[in-house]
Structure formats: C-alpha cells, structure tokens
Engineer: 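Pasting in a structure now, in structure tokens, and then I'll have a few things to ask.
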Amino acid sequence: MSDIQALEQTISQPGEAGFGDYVALLKPRVMSLVVFTALVGLLVAPVPVHPVVALASILFIALGAGASGALNMWWDADIDAVMRRTSRRPVPAGIVAGGEALGLGLALSGIAVVMLGLASNLLAAGLLAFTIFFYAVVYSMWLKRLTPQNIVIGGAAGAFPPMIGWAVATGGVSIESALMFALIFMWTPPHFWALALFMKDDYSRAGVPMLTVTHGRKATRAHVLAYTILLVPVALGAAFTSIGGPVYLAVSAALNAAFLYGAWRIWQRDEVQAEADGYRVEKQLFRFSLYYLFLHFGAFLLEAALRSFGLGGW
C-alpha cells in the first residue's frame, strides 16, 4: 500500500473521538488570540457596551474563530498529515472524520454569524462572516497552496477580530480599529516566517509554497527584517490615536526595539550558524513575537483603564 493510500485510509476511517478532540478541531490556541484581541477592540472603543451584550458577542466571535479552525482542518487534512507539527490533529490522526469537521465548521459558522448579528449589529456579523470566509476559502483553499505570499495576504483573517470587537461597540469602523487591524496584519509575516525558518522541512514535505521553500532561507531572513521595519511605524502610530497614550508608546517603543534587534540578528545569520545552534535565534524571535502582540493589546487595555480614571491619553 502506498503512503498516499495509507493516509487516505487513516483519514477516512476515524477512531472514537472524545470531547477534547472536537475542541482541538476549533484550534483553541488560535481562538484565545482571537478572543483577546476582539475583547480589547470592544473594551477600548469609546462607546460602552452592556456586559451581557459584550459577553455574548465575544462568545459568538470565539465560535466563529473555532468554525474557521474546523473548516481549515477539514481542508488541510492531507497537508497536516505529513507535517510533524500538525500530524496529531484530530482529522489527519484519524480520530475525527473529515465530514464531521466540515459539518461542525459550517454549523458553527452559521450560528456564530446569525447570533452575533442578533446580539450586536449587522456590521459586526458581516465582518465575522467575511473573516470566516477569508480564512477558510481565500487563505486555506486558495492562497496557502498557491503562493509564497500566503501568509502576507492571508494574515488579514487573523487581523479582523479587534475590528469586529470595535464594530460591536460602535457599529462602525474607525482609524483606531483600522490600526489595530494593521498591527496584526503587519505582525503576521515576520511571526510566521520566523517559525518557517526552523520548520522548513515540514513545509517542503507538504508541498506548501512557504517563502522558505520557494525563495530560500536567506531571502526569508531579509523579508523578516523588512516586514519588521514596516511594522514599527504602524505599532508606534497607534500611540497617537484615541486608544493610545504615553504608557502605550513606552511599551510599544521597547517591544519594537527588541523585535527589530531580533529580526536584525536573524538577517545577519547564515544557515551554517543557524543550523549549528539549532536555530536558537529564530526560535527566540518566534516566541517573542507572541509576547509582542499580547503586550501591545494589553497596553491598549491599560490606557483605556487609565482613561476611565482620568489619567490616560495625551
């Protein structure tokens, strides 16, 4: 039996799935980032939201994020099965059938969008629907297997949550919500390319045209530095809007200096150096990039809390 036939047999003959396996389909780690950034977008908006409406809205945004994850796992089962990082996911591992993942994803998508519209407003629901479509169809089904710009364009899917949260509160879009979107959008490429630098073999085996595969690691290192440089003014620029302030500016300046230094170190290295130390610097930048995003949005929250006491802002 060929490897492909064995893979198809594994995916088509699922084992007995438990509750935790269905939770795993929703990509809870990704969902946590979506929930946090959407909550920040909602809380820093200038319009107060009733706690019940806020809680319900965040729940439905989380369901929408989970739906996207389930649809992605259904579509990418063949890729996930040959990558070490993803081979134990429920569908490629043969625990959950692909059809079940598809059904769950579609059902949760419908529930999340309709209920968010009822709980808040149609703009927020429309943005959530577009986010699910963008991640499941534009990114997963089209960009991911087509172009090394998959992460650059596809990063928009992960950037919408704070804009959705802002729309829940205000019913609109503003420069502030656009800058929160832009912060995540510009952060995504260096974050994922840092990962790809030490996971290149996985993407090669799966046939995913990640930049490390199509252009090599040297070009990827240059792209990490270039996109980090482009990220800095976006991050700092948010300090001078209604959601920013001196505390945010200080936090952002420190984080961006560290991110730039890490990207510069990556750019300076060659493959002999990187392989010799087990891609230590690349792994450090990837881990730091997670803190970078959470701390930026935490600083937005802190500024909002200070403003509520008449202390924040300029």
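Reckoned from all heavy atoms, side chains included, excluding hydrogens, waters and symmetry mates.
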Engineer: Which heavy atom in A157 sits nearest to a heavy atom in T131, and how many Å separate them?
Structural biologist: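 That closest heavy-atom pairing would be O-CG2, 3.3 Å.
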
Engineer: Test side-chain contact (heavy atoms from CB on, under 4.5 Å) on K144 and D76 and set out the steps.
Structural biologist: CA-CA 10 Å; K144 186 171 183 178; D76 277 350; 2.8 Å; yes

Engineer: What's the spacing between F36 CZ and L301 CG if we round to 0.5 Å?
Structural biologist: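 Those atoms lie 5.5 Å apart.
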
Engineer: Below 3.5 Å, can you tabulate the donor-acceptor pairs from side chains in residues 89-96 to any protein atom, sequence neighbours excluded?
Structural biologist:
from : atom 1 : to  : atom 2 : distance (Å)
R89  : NH1    : D80 : OD1    : 3.3
R89  : NH1    : D80 : OD2    : 3.3

Engineer: Looking at CG of L211 and CD1 of I151, how far apart are the two atoms once the value is rounded to the nearest 0.5 Å?
Structural biologist: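 Spacing of CG (L211) from CD1 (I151) equals 10.5 Å.
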
Engineer: Any non-hydrogen side-chain atom of P246 less than 4.5 Å from a side-chain atom of E303?
Structural biologist: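 Yes; the side chains approach each other to less than 4.5 Å.
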
Engineer: Using a strict 4.0 Å threshold on nitrogen-to-oxygen distance, state whether D277 and R269 make a salt bridge.
Structural biologist: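 Judged by the 4.0 Å cut-off on N to carboxylate O distance, D277 and R269 do form a salt bridge.
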
Engineer: Looking at the rings of F134 and Y139, which for Trp means the six-membered one, are their centres under 6.0 Å apart?
Structural biologist: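 No, the ring of F134 stays outside the 6.0 Å limit from the ring of Y139, centre to centre.
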
Engineer: So, S252 side chain and Y248 main chain: donor-acceptor pair closer than 3.5 Å or not?
Structural biologist: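 Side chain of S252 to backbone of Y248, a donor-acceptor pair under 3.5 Å: no, none is there.
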
Engineer: What do the steps show when you test M210 against F192 for side-chain contact (heavy atoms from CB on, under 4.5 Å), and what is the final call?
Structural biologist: CA-CA 10 Å; M210 191 62 75; F192 273 100; 5.5 Å; no

Engineer: What are the two closest heavy atoms between A159 and P162, and how far apart are they?
Structural biologist: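 So the minimum-distance heavy-atom pair works out to O-CD, 3.4 Å.
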
Engineer: Give the C-alpha distance, both sets of side-chain angles, the deciding distance and a yes or no for ring pair (Phe, Tyr, Trp, His ring centres under 6.0 Å) between F160 and F181.
Structural biologist: CA-CA 6 Å; F160 276 112; F181 171 95; 5.0 Å; yes

Engineer: Are L146 and V208 linked, directly or through other ILVMFWY residues, by side chains that come within less than 4.5 angstrom of each other?
Structural biologist: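 The answer is yes; both residues are in one hydrophobic cluster.
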
Engineer: With no hydrogens and no angle check, is any side-chain donor or acceptor of S140 less than 3.5 Å from a backbone partner on Y135?
Structural biologist: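 Indeed, once roles are kept as given, a pair shorter than 3.5 Å links the two residues.
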
Engineer: Begin from the C-alpha positions of S87 and V82 and carry the test side-chain contact (heavy atoms from CB on, under 4.5 Å) through to its verdict.
Structural biologist: CA-CA 6 Å; S87 61; V82 296; over 6 Å; no

Engineer: May I ask you to decide if W166's main-chain N or O and T170's side chain share a donor-acceptor pair within less than 3.5 Å?
Structural biologist: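 Indeed, once roles are kept as given, a pair shorter than 3.5 Å links the two residues.
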
Engineer: Check whether any side-chain heavy atom of K27 sits under 4.5 Å from a side-chain heavy atom of M73, and report yes or no.
Structural biologist: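 In short, these two side chains touch, coming nearer than 4.5 Å.
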
Engineer: Work out which heavy atom in V173 is nearest to a heavy atom in S177; give both atom names and the distance.
Structural biologist: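 Closest pair (atom of V173, atom of S177, distance): CG1-OG, 3.5 Å.
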
Engineer: What is the minimum heavy-atom distance between A124 and L116, and which atoms define it?
Structural biologist: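 Reported closest heavy-atom pair: O-CD2, 3.6 Å.
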
Engineer: Indicate the ring-plane relationship of F259 and F288, choosing parallel, tilted or perpendicular according to the 30° and 60° boundaries.
Structural biologist: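 Perpendicular, since the angle between the ring planes exceeds 60°.
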
Engineer: Any side-chain donor paired with an acceptor under 3.5 Å for Y279 and Q273?
Structural biologist: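 Y279 vs Q273: no donor-acceptor pair found between side chains.
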
Engineer: Quick check: do R205 and M83 have side-chain heavy atoms less than 4.5 Å from each other?
Structural biologist: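 Sidechains of M83 and R205: no contact.
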
Engineer: Please check if the side chain of N256 supplies one atom and the backbone of A235 the other of a donor-acceptor pair under 3.5 Å.
Structural biologist: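 Judged by distance alone, no pair lies under 3.5 Å.
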
Engineer: Would a single hydrophobic cluster contain both V47 and I243, if residues Ile, Leu, Val, Met, Phe, Trp and Tyr are joined by side-chain heavy-atom contacts under 4.5 Å?
Structural biologist: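 Different hydrophobic clusters.
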
Engineer: Taking the side chain as every heavy atom from C-beta outward, state whether I266 and L197 have any pair of such atoms under 4.5 Å apart.
Structural biologist: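 Side chain of I266 against side chain of L197, heavy atoms only: contact under 4.5 Å found.
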
Engineer: How about H223 and W267: do any of their side-chain heavy atoms sit closer than 4.5 Å?
Structural biologist: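 H223 does not reach W267 side chain to side chain.
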
Engineer: Please report the shortest heavy-atom distance between A119 and V53, naming the atom on each side.
Structural biologist: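 Reported closest heavy-atom pair: O-CG1, 3.4 Å.
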
Engineer: Do you know the tightest heavy-atom contact between I184 and G158?
Structural biologist: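 That closest heavy-atom pairing would be CG2-O, 3.5 Å.
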
Engineer: Do W74 and W142 belong together in a cluster built from hydrophobic side chains that touch within less than 4.5 Å?
Structural biologist: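 Result: yes, single cluster for both.
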
Engineer: What about the rings of H296 and Y292, do their centers lie closer together than 6.0 Å?
Structural biologist: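 For H296 and Y292, the ring centres are under 6.0 Å apart.
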
Engineer: With distance as the sole criterion, is a donor-acceptor pair present between the side chains of T241 and E176 under 3.5 Å?
Structural biologist: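 Result is no, nothing qualifies.
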
Engineer: Let me confirm one number: the OG1-CG distance from T212 to L195, rounded to the nearest 0.5 Å.
Structural biologist: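 Between atom OG1 of T212 and atom CG of L195 there are 9.0 Å.
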
Engineer: Please find out if less than 6.0 Å separates the ring center of W187 from that of Y227.
Structural biologist: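 Judged by ring-centre distance (under 6.0 Å), W187 and Y227 do not meet the cut-off.
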
Engineer: Are H191 and M186 packed together at the side-chain level, in the sense that at least one heavy-atom pair is separated by less than 4.5 angstrom?
Structural biologist: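 A side-chain contact is absent here, since even the closest heavy-atom pair is not under 4.5 Å.
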
Engineer: Answer with yes or no whether the side chains of H215 and T220 bring together a donor and an acceptor at under 3.5 Å.
Structural biologist: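 Side-chain D/A pair, T220 to H215: absent.
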
Engineer: Above 12 or not: heavy atoms from other molecules or residues under 6.0 Å from CD of E275?
Structural biologist: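 At most 12 heavy atoms, drawn from other residues, nucleotides or ligands, come within 6.0 Å of this atom.
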
Engineer: About how many Å separate CG of L179 and CE of M163, when rounded to the nearest 0.5 Å?
Structural biologist: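 Taking CE in M163 and CG in L179, the distance rounds to 9.0 Å.
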
Engineer: Pair F198, R280 - check side-chain contact (heavy atoms from CB on, under 4.5 Å), show working.
Structural biologist: CA-CA 9 Å; F198 59 87; R280 177 178 55 85; over 6 Å; no

Engineer: Just how far is it from atom CG of L63 to atom CE of M115, taken to the nearest 0.5 Å?
Structural biologist: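 Separation between the atoms: 10.0 Å.
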
Engineer: Do L42 and I164 have side chains that approach each other closer than 4.5 Å (heavy atoms only, starting at C-beta)?
Structural biologist: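 No, side chains not in contact.
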
Engineer: I need the L26 CG to M31 CE distance, nearest 0.5 Å.
Structural biologist: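 CE of M31 is found 4.5 Å from CG of L26.
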
Engineer: What class does the angle between the rings of F133 and F130 fall in, given that below 30° is parallel, 30 to 60° is tilted and above 60° is perpendicular?
Structural biologist: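 The arrangement is tilted - the two ring planes meet at 30° to 60°.
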
Engineer: Look at the side chain of S289 and the backbone N and O of F286, then say whether any donor-acceptor pair between them is shorter than 3.5 Å.
Structural biologist: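 Between the backbone of F286 and the side chain of S289 there is a qualifying donor-acceptor contact (under 3.5 Å).
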
Engineer: Taking salt bridge (charged side-chain N to carboxylate O under 4.0 Å, His left out) as the definition, give me every residue that meets it alongside R29, ordered by chain and number, with sequence neighbours left out.
Structural biologist: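 R29: no salt bridge (charged side-chain N to carboxylate O under 4.0 Å, His left out) contacts found.
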
Engineer: Decide whether V35 and L55 are clustered together by the hydrophobic rule: side chain heavy atoms of Ile, Leu, Val, Met, Phe, Trp, Tyr closer than 4.5 Å, transitively.
Structural biologist: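 Looking at the clustering, L55 is in a separate group from V35.
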
Engineer: Using 4.0 Å as the upper bound for N to carboxylate O, is an ion pair formed by E282 and R265?
Structural biologist: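 Not counted as a salt bridge, because no side-chain N and carboxylate O are separated by less than 4.0 Å.
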
Engineer: Can you confirm whether E100 sits close enough to L25 that some side-chain heavy atom of one is under 4.5 Å from a side-chain heavy atom of the other?
Structural biologist: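 E100 does not reach L25 side chain to side chain.
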
Engineer: What about I111 and Y22, same hydrophobic cluster or not, with Ile/Leu/Val/Met/Phe/Trp/Tyr joined at side-chain heavy-atom distances under 4.5 Å?
Structural biologist: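 Yes.
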
